[in-house]
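Contents: one structure, followed by commentary.
All ligand and atom numbering here is 1-based and tracks the order in the structure.
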Amino acid sequence: MISMQRVKMSFSGLTLLNDVSFKIEAGERVSLIGPGGSGKSTILKILLGLLAPEGGEVRLMGTDMVTGHEDVKQHTLRKVGMAFQQGALFDFMTVRENLVFAMEHMTEMNPEQMEARVQELLTGVKLGRTADMFPFELSGGMQRRVGIARALCTEPHMAIFDEPTSGLDPVTSTIILNMILALSGTAKEHAQLIVTSNVEIGIRFADRLIVLNEGQIVADGPWRELLVSGPDWVRNFLGVRFIGLDVDYAHELKLPEAFIAQHWSA
Ligand SMILES: Nc1ncnc2c1ncn2[C@@H]1O[C@H](COP(=O)(O)OP(=O)(O)OP(=O)(O)O)[C@@H](O)[C@H]1O
Ligand SMILES: [Mg+2]
């Protein structure tokens, strides 16, 4: 579904991405995590062909997103549902119009199918009564949920969520994460990627973590293994998040027994 190989990118003479390589296969659910400003959103822009890397190869569902023909790239992007970090709803369109606009451009659905999908998705994100409202009439968390509904309404083969919960309170974050898990990931041939700097959101979304730091992928694997036996920086980055948690919550998150024994023993 996704292949990035040796991708390089710099801004103002400073290296941001230095040799980024990873692959995501069909049927996978993956969290890409890294500290704020480490280049996560930049990776997504390169993946979608919105930004040209200085080096490396980028393939999205078989399409070369660096050298590919514009028409071919556009065709591929129609199969991707992307929820941007900044929401990116059109302010001059109602919630319904935002969703319909996406479906008109990316699917072959007829108007009745689109309206049914609007109702289904808005109900899914618990915003069934907002179809005729404008984005400015909604709270930040509600706008984020509309962004998720818009990303998924086109039944994408690949769904990508950039920081779906950043800046939101823990309760709203949990609601959003559970909605993404409930709404996406029905078909085996599809893939989902969450990008976040929030370790807890990352591990609750997927078993497989790809960890970015200082321009490189520093770990890629099941998070429980990385937490116990990953490289020092990775163990620390993941582990500090859990310091001081209630031990019951540590069990609820299904943290590895070895980690719990080490950090919660008297
Ligand atoms: N088009 C651009 N021009 C110049 N600098 C840019 C551009 N895009 C990103 N940057 C810089 O690259 C760095 C990484 O940005 P990016 O948004 O990829 O990080 P991030 O990991 O997504 O951060 P966050 O966790 O805050 O979302 C930032 O310092 C940003 O200012
Ligand atoms: Mg970002």
Side-chain angles (χ1 to χ4, degrees), residues 2-22 24 29-58 60 65-66 70 73 77 80-89 140-141 143-148 150-151 158-170 172-174 176-177 180 184 191-206 208-220 223 226 230-231 233-234 236-242:
I2 292 179
S3 167
M4 280 203 159
Q5 298 301 322
R6 301 173 308 280
V7 166
K8 291 188 195 314
M9 193 73 203
S10 58
F11 293 115
S12 315
L14 296 173
T15 302
L16 178 65
L17 304 176
N18 172 25
D19 208 10
V20 167
S21 303
F22 68 91
I24 296 177
R29 173 177 278 164
V30 180
S31 296
L32 170 65
I33 70 170
S38 57
K40 303 179 296 296
S41 296
T42 301
I43 287 179
L44 293 184
K45 286 173 202 157
I46 291 171
L47 180 64
L48 300 181
L50 302 173
L51 202 61
E54 288 160 2
E57 290 165 19
V58 182
L60 181 57
M65 298 305 284
V66 183
E70 203 53 42
K73 290 199 277 185
L77 289 176
V80 178
M82 171 80 205
F84 287 95
Q85 183 166 5
Q86 315 296 349
L89 299 174
Q143 290 182 22
R144 216 62 84 76
R145 281 143 67 189
V146 174
I148 289 163
R150 185 178 62 178
M158 173 93 223
I160 303 175
F161 308 92
D162 192 1
E163 297 282 8
T165 65
S166 64
L168 303 177
D169 65 86
T172 309
S173 297
T174 295
I176 288 186
L177 188 69
I180 291 175
S184 57
Q192 295 139 33
L193 175 64
I194 261 193
V195 174
T196 181
S197 53
N198 183 324
V199 171
E200 197 178 321
I201 293 293
I203 67 160
R204 286 168 62 195
F205 180 70
R208 180 176 166 203
L209 280 193
I210 299 177
V211 186
L212 178 71
N213 188 43
E214 296 194 339
Q216 288 184 316
I217 303 299
V218 292
D220 183 346
W223 65 264
L226 299 182
W233 187 88
V234 174
N236 198 62
F237 177 66
L238 301 178
V240 284
R241 176 64 191 80
F242 305 116

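Looking only at atom types and distance, the side chain of S197 has a donor-acceptor partner in the side chain of E163 under 3.5 Å away.
Within the 4.0 angstrom cut-off, atom 28 (C) of ligand 1 has no protein heavy-atom neighbours. Less than 4.0 angstrom separates atom 5 (N) of ligand 1 from at least one non-hydrogen atom of the protein. Checking atom 18 (O) of ligand 1 against the protein gives a heavy-atom contact under 4.0 Å.
The distance from the CD1 atom of I210 to the NZ atom of K40 is 13.5 Å, given to the nearest 0.5 Å.
The shortest N or O to N or O distance between S197 and ligand 1 is not below 3.5 Å. Residue-to-ligand polar distances place G39 within reach of ligand 1: an N/O pair is separated by less than 3.5 Å.
The distance from ligand 1 to the heavy atoms of E163 drops below 4.0 Å at these ligand atoms: 25 (O).
For atom 15 (O) of ligand 1, the closest non-hydrogen atom on the protein side is T42 OG1, 3.8 Å. Scanning the protein for heavy atoms near atom 12 (O) of ligand 1, the closest one is L16 CD2, 3.4 Å. Of all protein heavy atoms, the one closest to atom 25 (O) of ligand 1 is K40 NZ, 2.8 Å. For atom 23 (O) of ligand 1, the closest non-hydrogen atom on the protein side is G37 N, 2.8 Å. Of all protein heavy atoms, the one lying nearest to atom 1 (N) of ligand 1 is F11 CE2, 3.7 Å.
Here the side chain of R144 pairs no donor or acceptor atom with the backbone of A83 at under 3.5 angstrom. Between the side chain of S31 and the backbone N or O of G202, at least one donor-acceptor pair lies under 3.5 Å. Here the side chain of Q143 pairs no donor or acceptor atom with the backbone of L89 at under 3.5 angstrom.
In summary, S41 places an N/O/S atom under 2.8 Å from the Mg ion (ligand 2), meeting the contact criterion.
Residues K8 and N18 have side chains in contact (heavy-atom distance under 4.5 Å, counting atoms from C-beta outward). E57 is not listed as a side-chain neighbour of V66, based on a closest heavy-atom distance of 4.5 Å or more.
The shell of residues lying under 4.0 angstrom from ligand 1, judged by heavy atoms, excludes G34.
Atom CD of E214 is surrounded by 12 or fewer heavy atoms from other residues, nucleotides or ligands within 6.0 Å.
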